[in-house]
Amino acid sequence: MDEIIEIYKKQKLSGIIKQEDFLERVGEKVNQMGGLCDNRTAAMLVAHDLGAGDTGEGTGSEVHKVADIAPGTGNVRLIARVMTVFPAKEFNRNDGTIGRVANLIVADETGSIRLTLWDDKADLVKTGDISVGQTFQISGYVKEGYSGVEVNVGNNGVLCETDEKVEASVASTKISDIKNGMGDLNLRARVLDIADIRTFNRKDGSTGRVTNITVGDDTGKIRVTLWDEKTDLLSGLRINDSIEIINAYARENNFSQQVEVQVGNRTIVKKTDKEIAYSENFTPISDIIPGESYSIKGSVSGIGERRDFTRDDGTENSVSNIYVSDDTGRIRIALWGEHAGLIDEVDIDTEVEIIDAFSKSGFNDEIELSAGNRTRIVVL
DNA sequence: CCCCCCCC
């Protein structure tokens with residue numbers, strides 16, 4: 001209580017508010033923050049709310065925007081939403097005490113920045129009092145860290161949850177820059193294809209759900225894998241929607257050897273209004289070599305028959321074939337399953353786009369494309 | 001952590 005009164009005096013608040021009212025408001029603040037604020041922090045915040053100019057470290061009246069924070073900014077106050085929480089770590093100080101440190105990524109409408117929390121503030125991560133999606137009033141000091149400018153919040157800093165609504169904007173990675181192993185990945189992209197949801201059994205006996213979407217931006221496209229409850233997002237998605245994927249990670253798929261974006265527990269996927277440019281990269285037919293995925297564009301130059309067959313494993317399927325020609329050559333397309341019906345929709349000379357078909361050396365050692373369930377076909 | 005590249 002003494003320290004609250006000390007702040008009351010130090011901030012020369014007697015001309016603004018009665019001491020007892022100040023104490024009451026501090027109490028309200030503590031309750032409002034759900035126990036996340038101590039008395040001293042709450043007192044500084046109330047003082048700030050009352051327009052006090054110097055409430056200690058970083059609590060000057062100006063609220064900084066993330067984009068304005070530079071290495072020389074000094075103490076800052078910001079209001080930002082937690083985008084990522086990294087686990088807290090302990091370390092030994094030279095004086096024999098155990099220090100704690102934790103990192104967050106927070107964002108406001110101007111960008112995102114890393115917060116480094118020390119000791120008591122880092123403990124809030126350990127106790128689960130800080131999680132993705134919460135918005136905080138933050139006061140700390142700016143420092144150049146390992147991965148750029150960051151805000152350090154120590155014992156004199158402030159980290160208080162607030163109800164204030166903050167639009168979070170995070171720098172996005174271009175698809176062509178995505179590398180295996182990347183974390184903390186944010187993308188803005190256009191939905192190009194949406195697959196069905198599949199269920200599978202885990203080794204522990206539980207049932208999982210998984211699905212994929214293909215997304216593109218002006219630098220390329222990538223397969224996105226959504227797990228379990230994240231597959232529910234599909235019901236709200238349509239092809240050509242613009243989406244933001246926040247806090248995803250990139251992993252090479254053991255099966256395809258391609259890097260994919262993984263949408264896990266902590267990843268946020270949401271639609272945006274922003275138009276995202278994407279143009280399909282069509283390969284000239286004569287450049288196709290076996291063992292890759294390609295998109296081609298051309299005119300139908302041959303139409304075969306539909307055939308129903310039984311696979312070795314007993315499942316039924318259908319296949320039909322068309323030929324497609326462009327300026328550089330002609331190729332056979334095997335149309336599997338639902339694509340087999342395409343032969344009824346096209347005539348000779350119909351323009352088509354065959355997107356994401358897999359090339360292989362087929363019948364008579366000729367290169368052909370397989371249009372399977374990862375392939376999208378557009379009839380123009 | 002899951003999956004196709006199958007037919008004649």
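All chains are named by letter (A, B, ...) in the order of the sequence lines, taking the proteins before the strands, and each is independently numbered beginning at 1.
- Of the candidates B/dC1, B/dC2, B/dC8, B/dC8 carries the atom nearest the A/Glu368 side chain, counting heavy atoms from C-beta on.
- For A/Phe358, the side-chain atoms get nearest to B/dC5 when compared with the rest of B/dC2, B/dC5, B/dC8.
- The interatomic distance linking A/Leu226 (CG) with B/dC2 (P) rounds to 16 Å, in whole Å.
- Nucleic acid contact for A/Arg223: base, since at least one base atom lies under 4.0 Å from a heavy atom of the residue.
- Across the protein-nucleic acid pair, A/Trp336 atom CH2 and B/dC4 atom P stand 14 Å apart, rounded to whole Å.
- Listed nucleotides: B/dC7, B/dC2, B/dC6. Nearest to the side chain of A/Val319: B/dC7.
- Residues A/Arg332 and A/Asn373 each lie close to DNA chain B; by heavy-atom proximity, the contact nearer the 5' end of the strand is made by A/Asn373.
- The shortest distance between side-chain heavy atoms of A/Val261 and A/Thr267 does not fall below 4.5 Å.
- Under the 6.0 Å distance and 45° angle rule, A/Arg190 does not count as a cation-pi partner of A/Tyr278.
- Under the side-chain contact (heavy atoms from CB on, under 4.5 Å) test applied with A/Val66, the options A/Val149, A/Val151, A/Ile113, A/Val76 reduce to a single match, A/Ile113.
- Between A/Trp227 and B/dC1, a base-stacking contact is recorded: ring centres under 5.5 Å apart, planes less than 30° from parallel.
- One interatomic measurement links the two molecules: CG of A/Asn321 to C1' of B/dC5, which rounds to 14 Å at whole-angstrom precision.
- Looking at A/Glu305, its side chain has no donor and acceptor atom pair within 3.5 Å of the base of B/dC7.
- Rounded to an integer number of Å, the gap from A/Phe363 CZ to B/dC7 C1' is 10 Å.
- The aromatic ring of A/Phe255 is not stacked on the base of B/dC2, since the criterion of ring centres less than 5.5 Å apart with planes inclined by under 30° is not met.
- A/Ser318 and A/Asp308 share a side-chain donor-acceptor pair at under 3.5 Å.
- Within 4.0 Å (heavy atoms only), A/Thr225 reaches at least one base atom of the nucleic acid.
- Computed from coordinates, the A/Tyr249 OH to B/dC1 P distance equals 8 Å when rounded to whole Å.
- Atom CD in A/Glu316 sits roughly 19 Å away from atom P in B/dC6 (whole-Å rounding).
- Contact annotation: the side chain of A/Ile296 never approaches that of A/Asp326 to less than 4.5 Å [non-hydrogen atoms, C-beta and beyond].
- If you take NZ of A/Lys360 and P of B/dC8, they are 11 Å apart, rounded to a whole angstrom.
- Put simply, CG on A/Leu369 is 17 Å from P on B/dC7, counting in whole angstrom units.
- Considering only side-chain atoms of A/Arg198, the nucleotide from B/dC7, B/dC6, B/dC2 that sits closest is B/dC2.
- For B/dC1, the OP1/OP2 oxygens have a side-chain nitrogen or oxygen of A/Asn254 closer than 4.0 Å.
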